[in-house]
Trainee: 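I'd like to ask some things about the structure below.
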Amino acid sequence: MNSVIVLRNLTHREVACIAITFPYEVSLKTMISAIKDVKWSQTNRCFYIPYSINNYKMLLYQFDQKHLKYDSRFFIHPSRIIFSAKKDKATTKGIKKNLNADKMAQIHSFKKWLIQNRYSENTIRTYISMMETFLSFYSEKEIIAINLDDINKFNYDYIIKEGFSVSFQNQMVNAIKLFFFKMLDVEYDIEKVERPRKSAALPKIIPKEDIRKMLESIKNIKHKTALSLIYGLGLRRGELLNLRVVDIDSKRMLVYILNAKGKKDRTLPLPVKLLNLIRRYYSQYKPNYYLIEGPLEGQQYSASSLQNIFKQSIKQINKNHTFTLHCLRHSYATHLLEAGTDLRYIQELLGHKSSKTTEIYTYVSINSLKNIKSPLDDFEI
């Protein structure tokens, strides 16, 4: 066997799986299809097997290492809920995870509950890791004995003392509430669980002229296409990484964003200039599955690589910037608002559940600020 077999992440029918792709060979197809639990997906056009450490080790055993390649992000895929080989640094800081069989069983039940209630893969992975940390903090205490005072004590003695962020604290409180109040139906007074005060930070907006200069300066067409998609469609990072070739409908001039944040799908208008750029990129790179692919065929592009491309590109235009990749999405929304686009349309384009989330862009719109007349203008000074 001389063919390279590529393993990549796949979520199939709400289940985390390992996709197995390879150049067609009859003997290789016969061998792979004979492996226990391996099935063929007509939708994804590949063989797959449920994701687990044992299945991964079994595949390593089945194939010669020199013929086996896998996605560099394979070990940290959001679908790896309990089996994660690389632990979240934030949730292991200061605590050695130590769970007995009963607590592990409850964690597993919590995972199933989250899946059944259609929480996103990222949310499931985060909440499971956080509950492992929380229950390890009280490793000597049975779950049924943990009370409201213990939750607030953990909030202060671990989250506050270790210096975790407001966002981390809110996520941890959400995970604990769901675990105790929803799944186990424990009757605590929810309002007595302490939460941090919400910050009122405004989104950072990149000037339109700086974005134009940045995109025009990028020589690598893959890099240019990736950042143009984020700004031109207002995409989140994960939405770009998950965007498939088949999600671009050039006939109807539409882009389909599937299973985005909050399990929402949305349809976006495809700008003509962006389509022309995509076509130039496609003719050169010919991506197979994901529109922006990694080094291997069918491999998802690296999130860290995308961040680095943005940092290097924007630095050429503004050396003292404090922008992040997500600022391109903020800038898209703000520039639409300044061009006169109705806020309700912007809400739909961004996929916001609440209009209040979108309204924050009214506070950073230059046009809106320019329309405000200072009382000083009435003075002759």
Side-chain angles (χ1 to χ4, degrees), residues 202-245 247-250 253-257 260-261 266-287 290-295 299-341 345-346 348-352 358 360-361 364-367:
L202 293 174
K204 294 179 181 179
I205 308 303
I206 310 172
K208 194 172 182 179
E209 183 63 16
D210 284 0
I211 295 176
R212 182 187 66 79
K213 290 178 180 178
M214 179 190 72
L215 294 176
E216 288 179 352
S217 69
I218 300 173
K219 304 302 180 186
N220 185 302
I221 195 165
K222 177 187 277 191
H223 298 172
K224 185 194 290 280
T225 304
L227 295 187
S228 295
L229 281 162
I230 290 179
Y231 174 68
L233 299 174
L235 301 182
R236 300 178 178 95
R237 181 184 64 185
E239 292 170 350
L240 174 73
L241 297 177
N242 291 325
L243 194 64
R244 304 170 302 168
V245 175
D247 295 330
I248 307 297
D249 188 342
S250 58
M253 296 300 289
L254 297 173
V255 178
Y256 305 108
I257 307 299
K261 187 176 181 180
R266 68 184 191 277
T267 303
L268 303 175
L270 176 61
V272 174
K273 285 189 177 180
L274 187 55
L275 174 61
N276 293 336
L277 179 62
I278 292 170
R279 282 174 169 164
R280 290 187 351 244
Y281 154 72
Y282 185 87
S283 65
Q284 184 173 334
Y285 283 86
K286 293 182 171 55
Y290 293 108
L291 182 61
I292 307 296
E293 284 189 332
Q299 179 192 52
Q300 196 174 46
Y301 201 71
S302 164
S304 58
S305 296
L306 194 60
Q307 294 276 17
N308 289 334
I309 290 166
F310 171 76
K311 287 180 181 179
Q312 292 169 11
S313 301
I314 194 66
K315 194 174 182 180
Q316 301 298 320
I317 308 302
N318 185 343
K319 292 184 179 180
N320 299 316
H321 77 89
T322 56
F323 300 123
T324 64
L325 180 65
H326 199 68
C327 291
L328 285 176
R329 175 173 158 89
H330 291 320
S331 303
Y332 164 82
T334 304
H335 295 158
L336 279 180
L337 185 65
E338 291 177 349
T341 307
Y345 292 134
I346 297 174
E348 290 299 319
L349 292 170
L350 294 177
H352 285 164
T358 318
I360 193 170
Y361 297 112
V364 291
S365 169
I366 294 175
N367 288 355

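Everything numeric here is computed off the predicted structure, so don't read it as measured data.
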Trainee: I'd like to know if the side chain of Asp247 reaches the main chain of Arg244, judged simply by a donor and an acceptor atom lying under 3.5 Å from each other, with no hydrogens or angles considered.
Mentor: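 Yes, Asp247 side chain to Arg244 backbone: donor-acceptor pair under 3.5 Å.
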Trainee: On a heavy-atom basis, which atom in Asp249 and which in Tyr256 lie closest, and how many Å separate them?
Mentor: OD2-OH, 2.9 Å
Trainee: Quick one: pull up CG in Leu227 and OG in Ser313 and give me the separation to the nearest 0.5 Å.
Mentor: 5.5 Å
Trainee: I'd like to know if the side chain of Gln300 and the backbone of Leu241 have a donor-acceptor N/O pair within less than 3.5 Å.
Mentor: yes
Trainee: Any heavy-atom pair between the side chains of Gln299 and Pro295 that's under 4.5 Å?
Mentor: yes
Trainee: Looking only at heavy atoms, which two atoms of Tyr361 and Pro203 are closest? And how far apart?
Mentor: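 For Tyr361 and Pro203, the tightest heavy-atom pair comes out as CE2-CG, 3.9 Å.
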Trainee: My understanding is that only residues two or more places apart in sequence, or in another chain, count here; which of them pass salt bridge (charged side-chain N to carboxylate O under 4.0 Å, His left out) with Arg266?
Mentor: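 For Arg266, the residues satisfying salt bridge (charged side-chain N to carboxylate O under 4.0 Å, His left out) (neighbours in sequence not counted) are Glu239.
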Trainee: Give the minimum heavy-atom separation between Pro207 and Phe323, together with the two atoms involved.
Mentor: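 Looking at all heavy atoms of both residues, the closest pair is CD-CZ, 4.2 Å.
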Trainee: List the residues meeting side-chain contact (heavy atoms from CB on, under 4.5 Å) with Thr341, not counting sequence neighbours, and say none if there are none.
Mentor: Leu336, Tyr345, Ile346
Trainee: Show the nearest heavy-atom pair for residues Pro287 and Tyr282, with the distance to one decimal.
Mentor: CD-CD1, 3.4 Å
Trainee: Leu235 and side-chain contact (heavy atoms from CB on, under 4.5 Å): which partner among Leu328, Leu350, Leu268?
Mentor: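 By the side-chain contact (heavy atoms from CB on, under 4.5 Å) criterion, Leu235 pairs with just one of Leu328, Leu350, Leu268: Leu268.
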Trainee: Can you give me the closest heavy-atom contact between Met253 and Ser250, atom names plus distance?
Mentor: SD-O, 3.4 Å
Trainee: If we only count heavy atoms from C-beta on, is the Leu240 to Leu233 side-chain gap below 4.5 Å?
Mentor: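 No, side chains not in contact.
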Trainee: For side chain to side chain contact (heavy atoms under 4.5 Å, CB included), just list the numbers for Leu229 and Leu274, CA-CA rounded to whole Å, side-chain angles, deciding distance to a tenth of an Å, and then say yes or no.
Mentor: CA-CA 7 Å; Leu229 281 162; Leu274 187 55; 3.9 Å; yes
Trainee: Is the shortest side-chain heavy-atom distance between Thr324 and Cys327 below 4.5 Å?
Mentor: yes
Trainee: Kindly compute the distance separating OG1 (Thr358) from CD (Glu348), expressed to the nearest 0.5 Å.
Mentor: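 With rounding to 0.5 Å, OG1 (Thr358) is 8.5 Å from CD (Glu348).
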Trainee: Please round to the nearest 0.5 Å and tell me the distance separating atom CD of Gln312 and atom OG of Ser217.
Mentor: 11.5 Å
Trainee: When you compare the side chain of Arg212 with that of Tyr231, does any pair of heavy atoms fall below 4.5 Å?
Mentor: no
Trainee: Using side-chain heavy atoms (C-beta onward) and a distance below 4.5 Å, is Lys204 in contact with His321?
Mentor: no
Trainee: Test side chain to side chain contact (heavy atoms under 4.5 Å, CB included) on Tyr301 and Ile309; report intermediate values, then the result.
Mentor: CA-CA 12 Å; Tyr301 201 71; Ile309 290 166; 3.2 Å; yes
Trainee: Using only atom types and a distance under 3.5 Å, with no angle test, would you say the side chain of His330 pairs donor to acceptor with the backbone of Ile206?
Mentor: no
Trainee: List the atom of Ile205, the atom of His335, and the distance in Å for their closest heavy-atom pair.
Mentor: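 Answer, listing the atom of Ile205 first, then His335: CG2-NE2, 4.0 Å.
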Trainee: With side chains defined as the heavy atoms from C-beta onward, is the minimum distance between Ile248 and Val255 less than 4.5 Å?
Mentor: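 When only atoms from C-beta onward are counted, Val255 and Ile248 do touch, with a gap below 4.5 Å.
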Trainee: Can any side-chain N or O of Ser283 pair as donor or acceptor with the backbone N or O of Arg280 at less than 3.5 Å?
Mentor: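 Between the backbone of Arg280 and the side chain of Ser283 there is a qualifying donor-acceptor contact (under 3.5 Å).
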Trainee: Can you tell me how far the OG1 atom of Thr225 sits from the CD1 atom of Ile230, to the nearest 0.5 Å?
Mentor: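 Between atom OG1 of Thr225 and atom CD1 of Ile230 there are 11.5 Å.
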Trainee: How long is the straight-line distance from CD1 of Ile211 back to CD1 of Ile314, given to the nearest 0.5 Å?
Mentor: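 Between Ile314 CD1 and Ile211 CD1, I get 7.0 Å after rounding to 0.5 Å.
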Trainee: Around atom NZ of Lys222, are there more than 12 heavy atoms of other residues, nucleotides or ligands at under 6.0 Å?
Mentor: yes
Trainee: So, taking the atom named CD1 in Ile317 and the one named CD in Glu209, what distance separates them when rounded to the nearest 0.5 Å?
Mentor: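 Going from CD1 on Ile317 over to CD on Glu209, the span is 9.5 Å.
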Trainee: If you apply the rule side chain to side chain contact (heavy atoms under 4.5 Å, CB included), what do you find for His326 with Phe310, and how did you get there?
Mentor: CA-CA 10 Å; His326 199 68; Phe310 171 76; over 6 Å; no
